[in-house]
Protein chains: 4
Amino acid sequence: MDAVFEATIQVLLVFGPRRLTTTRVAERAGVSVGTLYQYFPNKQALFYALNERYLEALAERIECACLAQHGGPIETMIQALVDTYWKAKTERADVTRALYQSVAEIDNGPLIEAFGRRVDAATTAMFASSKTVVENLATVNLTLVTTIFGTVRSVFERNLRPAEGEAVRQELISMCVAYTAALGTPPAGTIVETSLASQERG
Amino acid sequence: MDAVFEATIQVLLVFGPRRLTTTRVAERAGVSVGTLYQYFPNKQALFYALNERYLEALAERIECACLAQHGGPIETMIQALVDTYWKAKTERADVTRALYQSVAEIDNGPLIEAFGRRVDAATTAMFASSKTVVENLATVNLTLVTTIFGTVRSVFERNLRPAEGEAVRQELISMCVAYTAALGTPPAGTIVETSLASQERG
Amino acid sequence: MDAVFEATIQVLLVFGPRRLTTTRVAERAGVSVGTLYQYFPNKQALFYALNERYLEALAERIECACLAQHGGPIETMIQALVDTYWKAKTERADVTRALYQSVAEIDNGPLIEAFGRRVDAATTAMFASSKTVVENLATVNLTLVTTIFGTVRSVFERNLRPAEGEAVRQELISMCVAYTAALGTPPAGTIVETSLASQERG
Amino acid sequence: MDAVFEATIQVLLVFGPRRLTTTRVAERAGVSVGTLYQYFPNKQALFYALNERYLEALAERIECACLAQHGGPIETMIQALVDTYWKAKTERADVTRALYQSVAEIDNGPLIEAFGRRVDAATTAMFASSKTVVENLATVNLTLVTTIFGTVRSVFERNLRPAEGEAVRQELISMCVAYTAALGTPPAGTIVETSLASQERG
DNA sequence: CATGAATGAGTGTTCATTCAT
DNA sequence: TATGAATGAACACTCATTCAT
């Protein structure tokens, strides 16, 4: 079973989503096609399960990391969040890349959506536990999570060199920290206006 | 020709990458398959051209927007950058989604890479023209661009509701502004340390 | 197209319904599988078309034969009917056998039903044109047609030797003639009672 | 064992010959596939046994019915023969239909042939015991049996409504009786000529 | 004996690509 | 140059059969 998932990733990386065949996956996993179809009713189910499993593990990991930061300072929270997500995506970059490709096989939209909401909940709870009171936490949290997710994705997509990726990771933390730090004190005279402020008026 | 590109996007959206066939694209474009193959030697070439064309237009648009901000305040630059990119991706969300799916057909990695570098150059030039001097501009710029690219992608991927997307867009601007504002004045006593500083020492 | 039908029959006879594959049919027909699928959307459609075409031709042939007998004596009508049907089924016994086997591929029930009704109509019209008035013509006709159809089928199914088949054919005519002849004069004192009589009373 | 046969029929009726699988049969019969293969070496053997068993039972039933009529009047014999066969086929119409479909799995030709010959023997003996002497009994008997077999089959195949089927059954008896009654007295001046006469001359 | 997971040859069907018209 | 019928390799999936437990 694990072998099948691993094989799927390998085939995805070596052959790409177009030339991934159930036969090839089975072969690589060291089982027969028939066996593959005893585990998964069809090809899509295999991909769905692969994504589900991956996102489940990732969600748990993030939830765990969030819980560990409860009550701490917001900067540490952000750093922990970025680091956890980044590490999870980076430590097995091949898996990450493979899963990005699996869009060709299934529409993992709903899975990603659910995953996002789940992480939102965990991080919101974490930030809410902070001593620093954040106004409009829902929006701020959504922004942080979406930004972090996206930046990691973009680092992969742009195929940044390791050093560049590392730099972006550290800067992302700074960015998020600066953002939350600035939340309470909007600098007067700026053109820029946060949605929080505008929404409060509107 | 344009009809073919448009048809490709439509078919991609309606049928998904798996059930996209050259015949269907040709049909939708109002030409015969044979004609399609006179324009493009094969299916991949069609997708390559589609992506290339799209990214070329997008790059130009961003370059243009950057040039317009030369010499201005950094906040306006950021706002312009985010707005331009966001608008480009949002105004034809269907195309954006379709192109995200085209990974199944071609590995657009190199195209995206090149596109990123080109945007980097344009934004770096823009930021360099600002009165505010930014230390370690390359890294800062890379972070900004990568973050902006990624966040937009993530908004699509997470399928955020329009209001949420809008909120994230505005907050992203705040975030980038706060980040650049904080660059000159690293708050003492923080755990967080920017990669710039650490790299300068390392 | 005709080649495909012919090939289907050949493959059906040589390999049987289980080992009939679209590839084999195409091969035998001298075309590629792809071409086969341009004529017929799927395997079942091929079989449906084959049956439809065959039954259509057969129905026309019978209708034609029936028309030719209009106004004649009933004995000649019966002989013509049996002979026409018998000849049609026998002259290409391979086709007949092949079609009997195609039940495995499609449920040709509706086709057969419609064919039967169509023949019923033709024969009823023919018998109605006879000088001999037949009471309860609908039932008599149904019996004649059903019996003739069935007997031919049974001769094939039982794999009777040619001489036996021929004998049965001739006797079947006698039987049908004797039946119609006896219709007007039910022999007194018989245990047997025709449904006509019983229905007339009931 | 009986459960397996019953299950086979059920699966045949519900899924049709194409989607009948050994696994499904085993499942329905409440045993494992392995067990199924201990009873029957392969799928064909199962079908062969099913047909054999059915035809054996049917033959016995007919033989029995024939014996019961020995020495009686020919009309009663015919009625008994038709009724016995008709009832056997009709009382479990589902089984009858299922067996008609099993042609896809095995060529039951030889079984049917043997069955026919066996019935021929039984009915010939019966008719021979009648007080009425039938000339050319072999041919007459073959005709009667073949006609009866076929008519029943045709009633199923044409999917006649119950009332129609019943009418045909009664008329079939009349027909056979009329046929045998007319055997001794060939009506002068008819075009029709029985094969008996023609063969005797030829 | 009974089980049912594992096997893999075989099948229906698709679709990128070609080429005669 | 445009066409679209023809091609056939490739694929997802099935199912009769085996055999370790």
Side-chain angles (χ1 to χ4, degrees), chain A residues 1 3-4 11 15 17-27 29-47 105, chain B residues 4 11 15 17-27 29-47 105, chain C residues 1 3-4 11 15 17-27 29-47 105, chain D residues 4 11 15 17-27 29-47 105:
Chain A
M1 196 76 153
V4 172
V11 173
F15 292 90
R18 291 293 292 189
R19 297 183 51 222
L20 177 146
T21 70
T22 47
T23 311
R24 261 199 268 265
V25 169
E27 204 176 337
V31 296
S32 69
V33 221
T35 303
L36 195 74
Y37 277 85
Q38 235 148 24
Y39 292 155
F40 307 100
N42 53 48
K43 205 182 160 187
Q44 292 193 23
L46 165 64
F47 280 93
E105 303 301 330
Chain B
V4 172
V11 173
F15 293 92
R18 294 290 299 185
R19 295 179 52 218
L20 178 146
T21 69
T22 48
T23 310
R24 259 200 266 263
V25 169
E27 201 179 331
V31 297
S32 71
V33 224
T35 305
L36 196 74
Y37 274 82
Q38 235 136 30
Y39 292 154
F40 308 99
N42 53 47
K43 203 182 162 188
Q44 293 191 23
L46 165 63
F47 279 93
E105 304 301 331
Chain C
M1 197 75 152
V4 172
V11 173
F15 292 91
R18 292 293 292 189
R19 296 184 50 221
L20 178 146
T21 71
T22 47
T23 311
R24 260 199 268 264
V25 169
E27 203 176 337
V31 296
S32 69
V33 221
T35 302
L36 194 74
Y37 276 85
Q38 235 148 24
Y39 293 155
F40 307 99
N42 53 48
K43 204 183 163 188
Q44 291 193 23
L46 165 63
F47 279 94
E105 304 301 329
Chain D
V4 172
V11 173
F15 293 90
R18 294 289 298 185
R19 296 178 53 220
L20 177 147
T21 69
T22 49
T23 311
R24 259 200 266 264
V25 169
E27 201 178 329
V31 296
S32 70
V33 223
T35 305
L36 196 73
Y37 274 82
Q38 235 134 31
Y39 293 155
F40 308 100
N42 54 46
K43 203 182 162 189
Q44 293 191 24
L46 164 64
F47 279 92
E105 304 300 330

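Given the structure is predicted, the values throughout are model-derived calculations rather than measurements.
For dG10(E), the OP1/OP2 oxygens have no side-chain nitrogen or oxygen of R24(C) closer than 4.0 Å. Between dT3(E) and S32(D), a contact under 4.0 Å exists linking OP1 or OP2 to a side-chain N or O. Within the structure, a side-chain polar atom (N or O) of T22(A) is placed less than 4.0 Å from OP1 or OP2 of dA12(F). Taking side-chain N and O atoms only, Q38(C) has no distance below 4.0 Å to OP1 or OP2 of dA5(F). Between T35(C) and dT7(F) there is a side-chain polar atom (N or O) within less than 4.0 angstrom of OP1 or OP2.
Position along DNA chain F of the nearest nucleotide to V33(A) versus V31(C) favours V31(C) as the more 5'-ward residue. Judged by closest nucleotide on DNA chain F, G30(B) is the one of G30(B) and T21(D) placed further toward the 5' end.
Counting non-hydrogen atoms under 4.0 angstrom, L36(B) reaches nothing in the nucleic acid. Looking at heavy-atom distances under 4.0 Å, L20(B) makes contact with sugar-phosphate atoms alone, never a base.
Among K43(A), Q44(A), R18(A), the single residue meeting the side-chain hydrogen bond (donor to acceptor under 3.5 Å, both in side chains) criterion with E105(A) is K43(A).
dC15(F) atom P lies 16 Å from atom CG of L46(D), rounded to whole Å. Taking atom CD of residue E27(D) and atom P of nucleotide dT3(E), one finds them 13 Å apart after rounding to whole Å. At whole-Å resolution of the value, CD in E105(A) and C1' in dC13(F) are 15 Å apart. Between the OH atom of Y37(D) and the P atom of dA2(E) there is a distance of 16 Å, given to the nearest Å. Rounded to whole Å, the distance from CZ on F40(D) to C1' on dT18(F) is 18 Å. Rounded to an integer number of Å, the gap from NZ of K43(B) to P of dA16(E) is 4 Å. Per the geometry, OH belonging to Y39(B) stands 18 Å off P belonging to dT17(E), to the nearest Å. Rounded to an integer number of Å, the gap from R18(C) CZ to dC15(F) P is 9 Å.
Nucleotide dA5(E): paired with dT18(F) (Watson-Crick or G-U wobble, both distances less than 3.5 Å). Base pairing annotation: dC11(F) forms a Watson-Crick or G-U wobble pair with dG12(E), both donor-acceptor distances under 3.5 Å.
Closest contact between the side chain of N42(B) and the listed nucleotides dC13(F), dT3(F), dT17(E) involves dT17(E).
Residues F15(B) and T21(B) are not in side-chain contact: their nearest non-hydrogen atoms beyond the backbone lie 4.5 Å or more apart. The shortest side-chain heavy-atom distance between V11(C) and E27(C) does not fall under the 4.5 Å cut-off. In this structure, T22(B) and F40(B) have side chains that are not in contact, with every pair of non-hydrogen atoms separated by 4.5 Å or more.
Here N42(D) contributes atom CG and F47(D) contributes atom CZ; the two are 11.0 Å apart, rounded to the nearest 0.5 Å.
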